[in-house]
Protein chains: 2
Amino acid sequence: MSQVSTKQKILNAAEILFAKHGFDNTSLRMITTDADVNVAAVNYHFGSKKELIQAVLDRYFTLFVPKLMLSLKASLADKEDAFTLTDFYSAFIQPLLSLSGIHSKATATFMILVGRGYSETQGHLRRYFTTHYGELLSLLLDSVLKAKPELTRATVFWRLHFALGSVVFTMTSNTALREIALADFDKSTSIEDLIYELVPYLAAGMNAE
Amino acid sequence: MSQVSTKQKILNAAEILFAKHGFDNTSLRMITTDADVNVAAVNYHFGSKKELIQAVLDRYFTLFVPKLMLSLKASLADKEDAFTLTDFYSAFIQPLLSLSGIHSKATATFMILVGRGYSETQGHLRRYFTTHYGELLSLLLDSVLKAKPELTRATVFWRLHFALGSVVFTMTSNTALREIALADFDKSTSIEDLIYELVPYLAAGMNAE
DNA sequence: ACCAATTTCAAACAACTGTTTTAAATGTAT
DNA sequence: ATACATTTAAAACAGTTGTTTGAAATTGGT
């Protein structure tokens, strides 16, 4: 019990701090202090900080990726030739919402971690993404191409990442953007408002040309 | 001569390293080694690392922001009530290309630095952005609203930042994304191809609903 | 209750961080 | 050439980083 508990206490604390400050700006001492655990525990249970980062990401990927792939495959099989972009986007909702089982902010945290993984990447994270990302990416490309056959595979690839960029940038810059938004209009913006703004924007982008 | 030269050698080296590794992951010793200058020179000429970061950003902002604002105002005055989204996007081209006067990669570097400024923000950078960014943001909002009066000011605000997110994410993740793209299709993607993909996507997003 | 394996802990590790100090070198006027 | 201010340079600063050590505490199996 104590072994699992310590490991998970570290993962929980690390995840929050990684999302808030980034991987490199989070020290092991910040993590172990928040987790109420000895500094040496990280190296004992995970080996190194690098492996801790991957363990944090793994927890989300092993939960999210299979669910998303199942959801997409089910929708593709169900709709067959009538599969639309709306079906594509809808396939994300359930898997994303299911992350809330971990904790309330899990969905946002996941997106932020993915974003940080992309931009803070220093080699080992890049390799991690390309391996754990490969078959999912193929399925995503195939799905969109089913809904929009007139697009090239390359165009779909880039548009998917443009969309990811909008989401990830909005998440990681959340505090800064909300502050600026608050200074310009005096009405504050909730996460729900943001999603409401985001969805039609992403849909229109993928539908371009 | 020697004083200006040292200052600029530091700025040039810092800019490249900041864009490549981020602000916090770039040490003063990395910068001064690349610049072939003593470590103490940074604190002598700039006061602190924070002030060096702002000096690097300043070099771009003082060059880019006035040009963009003039370009937008000229276009607004010229087209009057016939100002379109195409006019809006076109106003960026000249100011962005003029950055190439600094060096060949200046435009991409500028976008990356802006992106890092948003997500690595720890307080002082956020304040820097809101002050040096305020009147430009207002002008951008007004311009888009002239072209698309049916949108609310808040919607335009978020869509502008969604677009910035796509650009910035694509820039900062450039290497990683190109690697993935190369693994999936075997045709490599140039920056020109990327812009060609980006423009219709951004236009469609702003035109949504 | 015992032994052995697992886990925790305080302390120290070498390497690195931004910054400061002090002295030497350089430049610039008179 | 003298006197002054500006700029460079080597060295050390206190603080933090990830990681390792070795002994203490805890655990689980018999």
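By convention in this document, chain letters (A, B, ...) are assigned in the order of the sequence lines, proteins followed by strands, and residues within each chain are numbered from 1. Note that this is a predicted model, so its numbers are computed, not measured.
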Starting from [atom2] on [N], measure out to [atom1] on [X] and report it in whole angstrom.
X	N	atom1	atom2	value
A:Phe46	D:dT20	CZ	P	16 Å
A:Ile10	C:dT7	CD1	C1'	11 Å
A:Lys49	C:dC16	NZ	P	16 Å
A:Asn43	C:dT7	CG	C1'	14 Å
A:Asp36	C:dT8	CG	P	12 Å
A:Leu17	D:dT17	CG	P	12 Å

With side chain to side chain donor-acceptor pair (under 3.5 Å) as the criterion, how do A:Glu15 and A:Thr109 come out once you've worked through the C-alpha distance, each side chain's angles and the decisive distance to 0.1 Å? CA-CA 8 Å; A:Glu15 170 187 309; A:Thr109 305; 4.6 Å; no
Identify which nucleotide among C:dC9, D:dA10, D:dT19 has an atom closest to any side-chain atom of B:Ala40, counting heavy atoms from C-beta outward. D:dA10
Please check if atom NZ in B:Lys50 has more than 12 non-hydrogen atoms from other residues, nucleotides or ligands closer than 6.0 Å. no
Does NZ in A:Lys148 sit with more than 12 non-hydrogen atoms of other residues, nucleotides or ligands closer than 6.0 Å? yes
Among all residues two or more places apart in sequence or in another chain, which pass the side chain to side chain contact (heavy atoms under 4.5 Å, CB included) test with A:Leu63? A:Leu99, A:Ile102
N or O in side chain of [X] less than 4.0 angstrom from [N] OP1/OP2:
X	N	result
A:Asn38	C:dA10	yes
A:Ser48	D:dG18	no
B:His45	D:dT8	yes

Going by an N to O cut-off under 4.0 Å, is there a salt bridge joining A:Lys146 and A:Asp87? no
Closest non-hydrogen atom pair, [X] against [Y]:
X	Y	value
B:Gly117	B:Phe23	N-CE1, 3.7 Å
B:Leu17	B:Thr26	O-OG1, 3.2 Å
A:Ile112	A:Ala19	CG2-O, 3.4 Å

Would you say B:Arg116 and B:Asn25 are linked by a side-chain donor-acceptor pair, where the criterion is simply a distance under 3.5 Å? no
Residues of residues 26-35 of chain A with a heavy atom under 4.0 Å from any atom of DNA chain C, listed by number, are A:Arg29
Should stems be defined as at least three consecutive Watson-Crick or G-U pairs with both distances under 3.5 angstrom, which of them involve DNA chain D? C:3-12 with D:19-28, C:14-17 with D:14-17, C:19-30 with D:1-12
